Structures are given as structure tokens and as C-alpha cells.
Amino acid sequence: MSSITIAGTRAAGSPPMDRRADLLRFGLLTAALVIGFVPVFQFIGSMIWFHEFLGDYQVFWINGHSPLAQVYDRWLFPYPPTSLFLVRSFGALPFWPSFFAWGIAGLAAIGFASRRMISPPALAIGLLGCAVVTVLASGQISLFIGALVIAGLSAEQPRWRGPLLAAAAVVKPQSLLAAPVAMIARCDWRAIGWAIASACAFALLSIIVFGPDIWMRWVTNLPKFQTFMLAHKSDLMDAGVYGIARSFGLPGWLFVAGIPLGIATSWLVFREESSLVDRYAAFVCSTILLSPYTLPYDLAGLSLACTAMLLDSRRSPLIWFAAALIVSSVFANAGIIMMAGLLSYEALNKPHTSSSDASLC
């Protein structure tokens, strides 16, 4: 009998087997970090070589301090007007102070939110991963989104859980595609009510502060952004099934093949009393499988959870392997599909329990 089960719990085994398992998971983690260094080196090296900042933060910063009449009209900016509450809070500073303040704030947010999900060593190592370093170097928004989702999933009371998830949704809606399935699976009706009310309040406040016409400009801008992404072949970097299809020259709409697995993963994991790291990993993997647009930097929070899995000796070798693929970023497409399948399998083989912090179905 194997000393390690697929469900992620280690049976009584000999010390040599334990040592071999430890060598395997630490070897996978090291390999994933080294492989992920390649795209990071290419990105940062390009900026050094061309003496030009190539990250996305210049778009955030420009929209953060430009007159409202120029937001969406002058620069392609896919985020809804509700995201301007976050973006414009950093726009008053000059570019470089704003850039560093944005990165420090994102690190602080994800670090504070993750304290209940992963250990300090896992957080420290996870911050060295490709996704996190790329977010920091480019000035992307993913650390804030990850922090809000983790905080929302870990919140004990619905009046906090709903608004936190809603806050993430009104900043980057496609990052919360798994939320309806997950919340319904837990029969979390009160949190759903709080989320809807909070999202409506955020939207109403944005209309009051920024004006109603900015929403029309955002809707008009979205097709232009999609055209821009396709013209620059950025869709080839997609981290989900869409990216796999496009890399083989197939139509992107084939991403729908991953939707059943995404729904099943959220439903199976959230209907049980799973750990926070499993729930967050299932949430992000499901969202990516449901979405036709997820780039590698969106894996920042997920890479932290996967690092924690690699440092957990109780997990199965298959979970370690899937986690390493995700941490590497280069092979994240396969890792996300594999992780979703494994988390679904583990949840399916647990004795059914009802959620203690949600209403019963």
C-alpha cells in the first residue's frame, strides 16, 4: 500500500518514504520557481534593455489622475467605473511614488488577508513566484483582487463576506465568475443578499461621484480593448482553456469545454467543510475555467495557495505536481485543469457535511 493517498493524507509510512516525498515536493517547488524566473527575466530584462517601463501601471496611473472626461476615451481601460475608487486614490502622486505605493499596498493587502490561509514561510516563498513578481513589476491589480477574495472567503459573518466579494467584483468582474456557484453551494443566502446590495451601492456611488455618462463610455470602450488584445495576440497568454485552444490554432470559444469542470469544482468543494486554501484554490481555478480571459498575472493569489500546498506534507503527490505547474506560470494551463480535477475528486470522496457558517439548503 502506498504511504500517500490521493486525498492528500499521509498514511503510516517508513521514514525513507517520507524523505523521498519531501524531496519530491521541495524539488517541484524549486523547479517551479526556477521555470517561472524565465518569463520574469524576459519581462524585466526588456524594460532594462529598452529603458522603458512596459508595465500596465502607466494605464492605471493615467486614468487615476486624468480628468474624468478623458477616462476611457483616451486610453484603453477595461475596468468598470467602480474600479476608479481604488485607481484614483493613487493618482494624486507622481508616477514612481505612486507605482511603489501601489505595489506596497498590494503586498500589505494580500499579506494581511492570507494570514489565515497560509503560514508566513509559505507567504514569503510564494512572493518569489512568477505571478507575484510580474504583478509587482508591471503594477497590475491582482494582489488587491486576491486579497479581497481571500478576505471574503475567510470572513465568518455574511455581512462581511458578501461586501468583500462584491468589492472585488466591481473592480474586476471576471475574477468572481465562480462566486454564484460557490455561494449557492454553501446556501449562503444572506451573504448573497449582502453582495448584491453592496454591488448596487458601489455602482450608485460611482454614478454620484463620477457621473452616469462614464458608464456608457466604459461599455463603448470594451470592444476596443478586445480588438487591441487580439491584434497584439495577448490572448495567446491566457491561463485557461482558452489559451490552450488558441495555442493550437483552435477557436477561442472552445474554452466552454472547461465550464462543466469549473462549475463542478466550485460546487463540490464549497458544499463541504474544506480548508480555506482548498476553497480559494477551487474558487480561482473555477473562475479561470469559466472565463475566456485570464492572464498569468491573475494567478498571484493562487500561486500563494499552491506554494502552501507544496509545503504541506499531508497533500498528495498529484496535488504537489498540479501546484508546481501553477507556480511555474509557464505550465499553469495544465496545472489549473489538473488542480480543479483533484480538488473535485477529494471533495467528492469526503463524507457530506453541511456548512456551519451558512444557511442550510
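Keep in mind the model is a prediction, meaning the values are calculated, not measured.
Test Val135, Asp56, Val171 against Ile141 for side-chain contact (heavy atoms from CB on, under 4.5 Å) and you get one pass: Val171.
Think of Leu93 as one node in a network of Ile, Leu, Val, Met, Phe, Trp and Tyr side chains linked at under 4.5 Å; it has no links at all. Through chains of ILVMFWY side-chain contacts below 4.5 Å, Trp49 is grouped with Phe50. The other members of the hydrophobic cluster of Leu204, by chain and number, are Ile208 (side-chain heavy atoms under 4.5 Å, ILVMFWY only).
Rounding to the nearest 0.5 angstrom, the gap separating the CD1 atom in Ile110 from the CD1 atom in Ile118 is 8.0 Å.
The salt bridge (Lys or Arg N to Asp or Glu O under 4.0 Å) pairs that include a residue from residues 280-301 are Lys172-Asp298, where partners are two or more places apart or lie in different chains. Among residues at least two apart or in separate chains, salt bridge (Lys or Arg N to Asp or Glu O under 4.0 Å) pairs with a member in residues 240-260 are Asp235-Arg246. Residue pairs satisfying the salt bridge (Lys or Arg N to Asp or Glu O under 4.0 Å) criterion with at least one member in residues 86-111, sequence neighbours excluded, are absent.
The closest side-chain donor-acceptor pair between Ser206 and Thr82, if any, does not fall under 3.5 angstrom. A donor-acceptor pair shorter than 3.5 Å can be found between the side chains of Tyr57 and Ser98. Side chains of Ser286 and Trp267: no donor on one and acceptor on the other come within 3.5 Å.
Between Leu289 and Ile259, every side-chain heavy-atom pair lies at or beyond the 4.5 Å cut-off. In this structure, Val284 and Ile288 have side chains that are in contact, with non-hydrogen atoms separated by less than 4.5 Å. For the pair Asp278 and Glu346, the minimum side-chain heavy-atom distance is below 4.5 Å. At a threshold of 4.5 Å between non-hydrogen side-chain atoms, the residues Ile319 and Met338 do not count as touching. Side-chain contact between Gln140 and Phe60: present, with at least one pair of heavy atoms (C-beta onward) separated by less than 4.5 Å. Residues Asp188 and Arg161 meet the side-chain proximity criterion, which asks for heavy atoms closer than 4.5 Å. Side-chain atoms of Val241 and Leu261, non-hydrogen and from C-beta on, never get closer than 4.5 Å to each other. A heavy-atom distance below 4.5 Å is found between the side chains of Pro39 and Val330.
At most 12 non-hydrogen atoms from other residues, nucleotides or ligands lie less than 6.0 angstrom from CZ of Phe37. Surrounding CH2 of Trp194 are at most 12 heavy atoms belonging to other residues, nucleotides or ligands under 6.0 Å away. Counting heavy atoms of neighbouring residues, nucleotides and ligands inside a 6.0 Å radius, atom CH2 of Trp253 does not exceed 12 of them. No more than 12 heavy-atom neighbours from other residues, nucleotides or ligands sit within 6.0 angstrom of CZ on Phe321. For Trp215, the CH2 atom sits in a packed shell: over 12 heavy atoms of surrounding residues, nucleotides or ligands are nearer than 6.0 Å. The local environment of CZ in Phe112 is sparse, with at most 12 non-hydrogen atoms from other residues, nucleotides or ligands closer than 6.0 Å. When the shell of 6.0 Å around CE of Met216 is examined, it contains 12 or fewer heavy atoms from other residues, nucleotides or ligands.
Closest non-hydrogen pair, Ala178 versus Phe283, comes out as CB-O, 3.6 Å. Minimum interatomic distance between Ala168 and Ile145 (heavy atoms only, all atoms of both residues): O-CD1, 3.9 Å. Heavy-atom minimum distance, Phe85 versus Phe202: CE1-O, 3.9 Å. Thr307 and Leu29 get closest at one heavy-atom pair: CG2-CD1, 4.3 Å. Here the shortest heavy-atom pairing between Tyr297 and Thr134 reads CB-CG2, 4.4 Å. Contact between Leu342 and Ala322 at its shortest, heavy atoms only, is CD1-CB, 4.2 Å.
Using modelled atom types, one side-chain atom of Arg186 and one backbone atom of Phe270 make a donor-acceptor pair closer than 3.5 Å. Side-chain N or O atoms of Arg315 include none that pairs as donor or acceptor with a backbone N or O of Leu310 at under 3.5 Å. Between the Asp238 side chain and the Thr294 main chain, a donor and an acceptor come within less than 3.5 Å of each other. At least one donor-acceptor pair under 3.5 Å links the side chain of Ser274 to the backbone N or O of Val269. Between the side chain of Ser89 and the backbone N or O of Leu86, at least one donor-acceptor pair lies under 3.5 Å. With Asn221 contributing its side chain and Arg217 its backbone, the two residues share no donor-acceptor pair below 3.5 Å.
Leu295 and Ile244 fall within the same hydrophobic cluster, defined by Ile, Leu, Val, Met, Phe, Trp and Tyr side-chain heavy atoms under 4.5 Å apart, directly or through other members.
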_Please evaluate residues Phe99 and Trp102 with respect to the criterion ring-ring contact (aromatic ring centres under 6.0 Å, His included), reporting the C-alpha separation (whole Å), side-chain torsions for both, the decisive distance (0.1 Å), and the verdict._
CA-CA 5 Å; Phe99 173 76; Trp102 175 272; 9.3 Å; no

_Residues Arg279, Glu273; criterion salt bridge (Lys or Arg N to Asp or Glu O under 4.0 Å); working and verdict_ = CA-CA 9 Å; Arg279 279 185 285 145; Glu273 283 301 330; 5.8 Å; no

*Give the intermediate values and the outcome of side-chain contact (heavy atoms from CB on, under 4.5 Å) for residues Tyr79 and Val87.*
CA-CA 10 Å; Tyr79 297 89; Val87 172; over 6 Å; no

